[in-house]
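Heads up, the thing below is written out as structure tokens.
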Protein chains: 2
Amino acid sequence: MQNALDSTDAVPPARRSGRAVSRQVLADHVYTELLTSLMDGRLAPGSVVSIDGTARDLDVSPTPVREALARLEHTGMVRRVALKGYRVAPVFTQEDFAELMEARLAIEPVNARLACERMDQGGLAELKQAVEDLKSAPRGPAFAEFKEYLEADERFHQLIARQTGNQFMEAAYSALGGQIQRFRLFGGVGITDAESAIAEHQAVLDAFSTGDPGKAEAAMAAHIQQVRSRAIAAAPES
Amino acid sequence: MQNALDSTDAVPPARRSGRAVSRQVLADHVYTELLTSLMDGRLAPGSVVSIDGTARDLDVSPTPVREALARLEHTGMVRRVALKGYRVAPVFTQEDFAELMEARLAIEPVNARLACERMDQGGLAELKQAVEDLKSAPRGPAFAEFKEYLEADERFHQLIARQTGNQFMEAAYSALGGQIQRFRLFGGVGITDAESAIAEHQAVLDAFSTGDPGKAEAAMAAHIQQVRSRAIAAAPES
DNA sequence: GCCGAGGCAGCCCTATAGGATTTACACATG
DNA sequence: CATGTGTAAATCCTATAGGGCTGCCTCGGC
């Protein structure tokens with residue numbers, strides 16, 4: 001059931017008549033379309049992603065869809081079974097969550113330290129903006145009401161990864177980032193912890209402002225550990 | 001120039017007559033074929049990987065090749081320019097090397113600690129075997145003579161990543177592993193440091209044998225730092 | 001001898017067709 | 001009523017065709 005993809009009037013001008021205005025290939029468009037659908041929650045975990053089906057929904061041929069799904073598989077967002085097709089990765093178990101947090105604890109504090117060492121004024125301003133967006137974002141119960149909140153949260157961590165100036169650390173975080181976002185959506189706990197989370201992000205930002213890499217590393221580690229504690233405390237079932 | 005792919009009598013039986021014996025799809029076969037070609041050095045950095053060309057060489061249609069390359073792109077082994085095609089990622093610069101080592105120092109010692117905590121007897125035996133293979137592998141000047149050496153080296157680190165029991169840490173290392181292997185091949189320094197490297201691997205193994213996670217972590221960190229030092233010392237040009 | 005235009009081959013990209021396989025459902029039988 | 005079987009639809013997988021673009025080579029003109 002992923003018919004919600006806006007297939008009816010997104011790209012139709014041109015393309016039929018030979019040349020699309022977009023300089024990017026169709027597979028890229030399909031990729032981002034599928035990615036946002038995954039992040040939005042329109043594609044629930046465990047549901048199948050039919051190649052022909054999405055091709056029809058997006059009004060393209062199966063070939064670009066196949067290429068986009070091949071890339072998505074490598075991110076862990078979808079799983080493929082040979083001759084059976086693709087399906088969205090299953091829901092997070094408690095073990096998965098524990099492993100994810102362990103990995104975040106290994107990577108993100110290091111990112112914070114490196115980023116703090118090399119951060120420039122522009123980067124700091126972007127980080128500050130992300131925290132401001134986090135504070136001002138609406139936090140209602142419906143998805144549309146906390147979408148911006150999640151987006152700002154993700155952007156904050158992603159900015160730090162980018163500011164490391166290390167392409168491999170950034171890639172390592174990106175591989176996790178999608179899973180983190182997926183957990184934020186389907187982890188069970190909503191955003192009941194906004195107050196604490198905002199305070200922790202502010203603390204990380206303050207640590208960056210001091211320019212002390214050690215403080216930044218410690219603040220990030222504390223943040224992640226507290227996220228873990230809260231999620232475990234609010235665990236819906238065993 | 002990747003005609004060295006053994007296209008002439010690798011898969012030809014069956015397939016033309018409907019059903020291949022291999023239960024895996026053609027794209028998987030193309031993927032592993034390209035991967036080994038990249039690791040072997042048959043595909044030099046910077047060279048183009050034509051979709052139609054490899055399709056002809058492997059005697060398949062371009063569609064599976066396209067799917068395999070899409071996956072490969074996400075590993076950083078090949079780069080894609082829209083409407084221009086794929087080419088093998090360029091050679092390592094000194095900056096790339098520094099970043100790679102920084103990332104390894106962030107990830108692999110943690111892997112060693114986690115693996116040491118959870119390692120069982122079977123895992124330890126596999127690790128021991130890898131070190132033995134490293135010692136007994138031939139170390140001649142030609143590629144075929146130190147292929148096994150590189151393979152054992154890579155296997156050692158990969159085993160530790162797997163023994164963490166953490167799918168995300170394993171994925172994070174895998175993303176790096178390919179680049180590490182690529183560097184071993186094209187980094188400029190051959191395997192002139194085999195004596196020291198073997199001793200360090202043995203030290204890591206000994207640390208694992210004691211069962212002390214802290215020692216394992218320290219031994220791994222020391223190993224990577226020394227690899228970095230040796231590579232910098234033997235840097236061919238600025 | 002030098003330079004620019006035209007043609008040609010190769011490539012990427014997407015669409016479409018067809019074979020093979022799995023799955024679901026209806027139906028008959030013990 | 002339960003179970004096995006056969007058919008049909010859906011799906012995946014691969015191959016082939018054609019459009020559009022880029023780069024190179026050749027050839028004619030200056």
Side-chain angles (χ1 to χ4, degrees), chain A residues 1-3 5 7 10-34 43 46-73 78-88, chain B residues 1-3 5 7 10-34 43 46-73 78-88:
Chain A
M1 295 304 185
Q2 75 280 21
N3 58 1
L5 304 182
S7 64
V11 228
R15 185 145 64 68
R16 283 289 180 214
S17 58
R19 198 71 203 89
V21 192
S22 69
R23 194 55 187 165
Q24 69 179 355
V25 250
L26 225 48
D28 295 341
H29 190 78
V30 175
Y31 180 83
T32 57
E33 200 70 30
L34 281 174
L43 265 54
S47 63
V48 303
V49 183
S50 157
I51 294 179
D52 291 355
T54 47
R56 280 193 301 273
D57 288 345
L58 270 62
D59 193 31
V60 296
S61 86
T63 311
V65 177
R66 180 173 294 277
E67 189 172 333
L69 281 172
R71 288 186 231 169
L72 272 175
E73 185 201 2
V78 299
R79 292 210 190 311
R80 183 177 74 103
V81 189
L83 304 175
K84 298 273 290 188
Y86 292 87
R87 49 178 53 237
V88 183
Chain B
M1 299 303 184
Q2 76 279 22
N3 57 2
L5 304 183
S7 63
V11 228
R15 186 144 65 66
R16 283 287 182 216
S17 59
R19 199 69 204 87
V21 192
S22 69
R23 194 56 187 163
Q24 68 181 353
V25 238
L26 225 48
D28 295 340
H29 191 77
V30 175
Y31 180 82
T32 57
E33 201 70 30
L34 281 173
L43 264 55
S47 63
V48 302
V49 182
S50 159
I51 295 180
D52 291 356
T54 45
R56 279 194 302 274
D57 288 345
L58 270 61
D59 192 32
V60 295
S61 87
T63 312
V65 177
R66 179 173 296 276
E67 190 173 331
L69 281 172
R71 288 186 232 170
L72 230 47
E73 185 201 3
V78 299
R79 292 211 191 308
R80 182 177 76 102
V81 188
L83 304 175
K84 298 276 289 186
Y86 292 88
R87 45 178 56 237
V88 183

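Note that the structure is a prediction, hence the values are computed from the model and not measured.
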Under the side chain to side chain donor-acceptor pair (under 3.5 Å) test, residues paired with Arg87(A) that sit two or more places apart: none
What protein N or O atoms touch nucleotides 8-12 of chain D N or O atoms at under 3.5 angstrom, if any, and at what distances?
from    : atom 1 : to       : atom 2 : distance (Å)
dC12(D) : OP1    : Ile51(A) : N      : 3.1
dC12(D) : OP2    : Ile51(A) : N      : 3.3
dC12(D) : OP2    : Asp52(A) : N      : 3.3

Closest approach of Ala68(B) to Ala27(B) (non-hydrogen atoms, all atoms of both residues): CB-O, 3.8 Å
Heavy-atom closest pair, residues Val65(A) and Ile51(A): CG1-O, 3.9 Å
What's the separation between atom OH in Tyr31(B) and atom CG in Leu72(B), rounded to the nearest 0.5 Å? 5.5 Å
Figure out the NE2/C1' separation between His29(A) and dT14(C), and round it to whole Å. 15 Å
Rounded distance (Å) that lies between atom C1' of dG19(D) and atom CG of Leu26(A): 14 Å
Mind checking what makes side-chain contact (heavy atoms from CB on, under 4.5 Å) contact with Ala70(B), not counting sequence neighbours? Glu67(A), Ala70(A), Arg71(A), Tyr86(B)
Contact under 4.0 Å: Ser61(A) side-chain N or O vs dT14(C) OP1/OP2: no
